[in-house]
Amino acid sequence: MEPTRDYPLFGGAFSATLPPGAIDVSDLRPVPDNQEVFCHRVTDQSLIVELLELQAHVQGEEAARYHFEDVGGVQEARAVQVETVQPLVLENLALRGCCQEAWILSGQQQVAKENQQVAKYVTLHQALLRLPQYQTDLLLTFNQPP
């Protein structure tokens, strides 16, 4: 079994430990500078780490919902459904010293993959870490296709 590996993110600003089989999508196609995207070669699961502008107009649970719905809009989702939203305990986070609040959200979006007409329901799990001193919302999205 292939061991996990630490991947530097955003030029080495921080890193993530990813499971065996993770592929850096930027080796396959262009990825925006504010994103790091990884996929699994067998399961079609993906992990997206995004540095986004802080959305100060939404707070708490509504901030998590805002980003989930925004991802749905970007993906041109035909349906978006939030299943659960829960706060994360800041003491358990590596970024606890600079994270004002953190949320985890699970839901489903009905989306079609690139160049496909049929839309399928995909389960998304998102973690939102709010870093106001950097004017940044850090969004991690795990896509779990059917």
Side-chain angles (χ1 to χ4, degrees), residues 1-26 28-29 31-114 119-146:
M1 181 176 185
E2 183 183 347
T4 60
R5 294 188 292 172
D6 284 344
Y7 285 85
L9 303 176
F10 305 105
F14 52 96
S15 65
T17 302
L18 297 175
I23 298 170
D24 186 340
V25 172
S26 67
L28 308 173
R29 64 172 171 80
V31 171
D33 290 342
N34 72 314
Q35 292 182 351
E36 297 282 356
V37 182
F38 300 92
C39 67
H40 191 275
R41 65 177 63 109
V42 176
T43 65
D44 218 15
Q45 296 170 325
S46 64
L47 174 68
I48 303 166
V49 181
E50 295 181 85
L51 297 175
L52 302 169
E53 181 179 344
L54 180 72
Q55 298 300 311
H57 66 283
V58 287
Q59 298 296 318
E61 181 178 321
E62 291 308 310
R65 290 176 182 276
Y66 172 88
H67 285 291
F68 181 75
E69 291 170 5
D70 186 57
V71 167
V74 170
Q75 296 289 334
E76 298 179 0
R78 297 182 182 148
V80 174
Q81 178 182 346
V82 173
E83 293 172 353
T84 61
V85 183
Q86 298 176 335
L88 285 172
V89 179
L90 297 180
E91 291 78 31
N92 294 339
L93 302 176
L95 295 173
R96 64 186 161 270
C98 57
C99 185
Q100 179 183 20
E101 62 178 315
W103 297 88
I104 190 158
L105 178 148
S106 292
Q108 291 194 350
Q109 297 184 355
Q110 186 182 22
V111 295
K113 288 179 82 171
E114 289 182 40
K120 296 180 181 176
Y121 278 94
V122 176
T123 300
L124 278 74
H125 305 283
Q126 291 185 323
L128 173 64
L129 286 71
R130 312 220 60 205
L131 312 169
Q133 66 274 38
Y134 301 110
Q135 293 297 304
T136 300
D137 279 338
L138 173 60
L139 184 67
L140 295 95
T141 302
F142 176 74
N143 292 292
Q144 184 177 348

Would you tell me whether Gln45 and Gln144 have side-chain atoms, one donor and one acceptor, within less than 3.5 Å of each other?
no

Tyr7 side chain near Glu36 side chain, heavy-atom distance below 4.5 Å
no

Under a 3.5 Å distance rule, please check whether Glu76 uses its side chain to pair with a backbone N or O of Gly73 as donor and acceptor.
no

Could you state the interatomic distance from CG (Asp24) to CG (Leu18), rounded to the nearest 0.5 Å?
9.0 Å

What distance separates Leu139 CG from Phe68 CZ, expressed to the nearest 0.5 Å?
10.5 Å

Flag, side chain of Glu101 to backbone of Leu128, donor-acceptor distance under 3.5 Å:
no

Smallest heavy-atom separation, Val80 atom then Ala77 atom, equals CG2-CB, 3.8 Å

Determine the interplanar angle of the His125 and Phe142 rings, folded into 0 to 90°, and report it as parallel if under 30°, tilted if 30 to 60°, perpendicular if over 60°.
parallel

Distance, nearest 0.5 Å, that separates CD1 of Ile48 from CG of Leu124:
8.0 Å

Nearest heavy-atom contact between Gly12 and Pro8 is CA-CB, 4.1 Å

Going through the checks in order, is the side chain to side chain contact (heavy atoms under 4.5 Å, CB included) test met by Leu54 and Arg130?
CA-CA 7 Å; Leu54 180 72; Arg130 312 220 60 205; 3.5 Å; yes

Distance in Å, Leu88 CG paired with Trp103 CH2, rounded so as to fall on 0.5 Å steps
9.0 Å

Does Glu69 pair with Arg65 as a salt bridge, N-O distance under 4.0 Å?
no

For a side chain to side chain contact (heavy atoms under 4.5 Å, CB included) check, start with the C-alpha distance between Leu131 and Cys99, then their side-chain angles and the critical distance, and finish with the verdict.
CA-CA 5 Å; Leu131 312 169; Cys99 185; 4.0 Å; yes

Would you say the side-chain atoms of Gln135 pair up with the backbone N or O of Pro132, donor to acceptor, closer than 3.5 Å?
yes

Output, in order, the C-alpha distance, side-chain angles, deciding distance and verdict of side chain to side chain contact (heavy atoms under 4.5 Å, CB included) for Leu129 and Thr136.
CA-CA 9 Å; Leu129 286 71; Thr136 300; over 6 Å; no

What distance separates Ile23 CD1 from Ser46 OG, expressed to the nearest 0.5 Å?
11.5 Å

Identify which one of His67, Gln126, Gln35 satisfies the side-chain hydrogen bond (donor to acceptor under 3.5 Å, both in side chains) criterion when paired with Thr141.
Gln126

Distance col, row Gln100:CD vs Gln133:CD, nearest 0.5 angstrom, shows 8.0 Å

Check: Leu51 and Leu138 side chains under 4.5 Å, non-hydrogen atoms
yes

Shortest non-hydrogen contact from Leu9 toward Ala16:
CD1-CB, 3.8 Å

For Asn143, which of Val111, Thr123, Val122 qualifies under side-chain contact (heavy atoms from CB on, under 4.5 Å)?
Val122

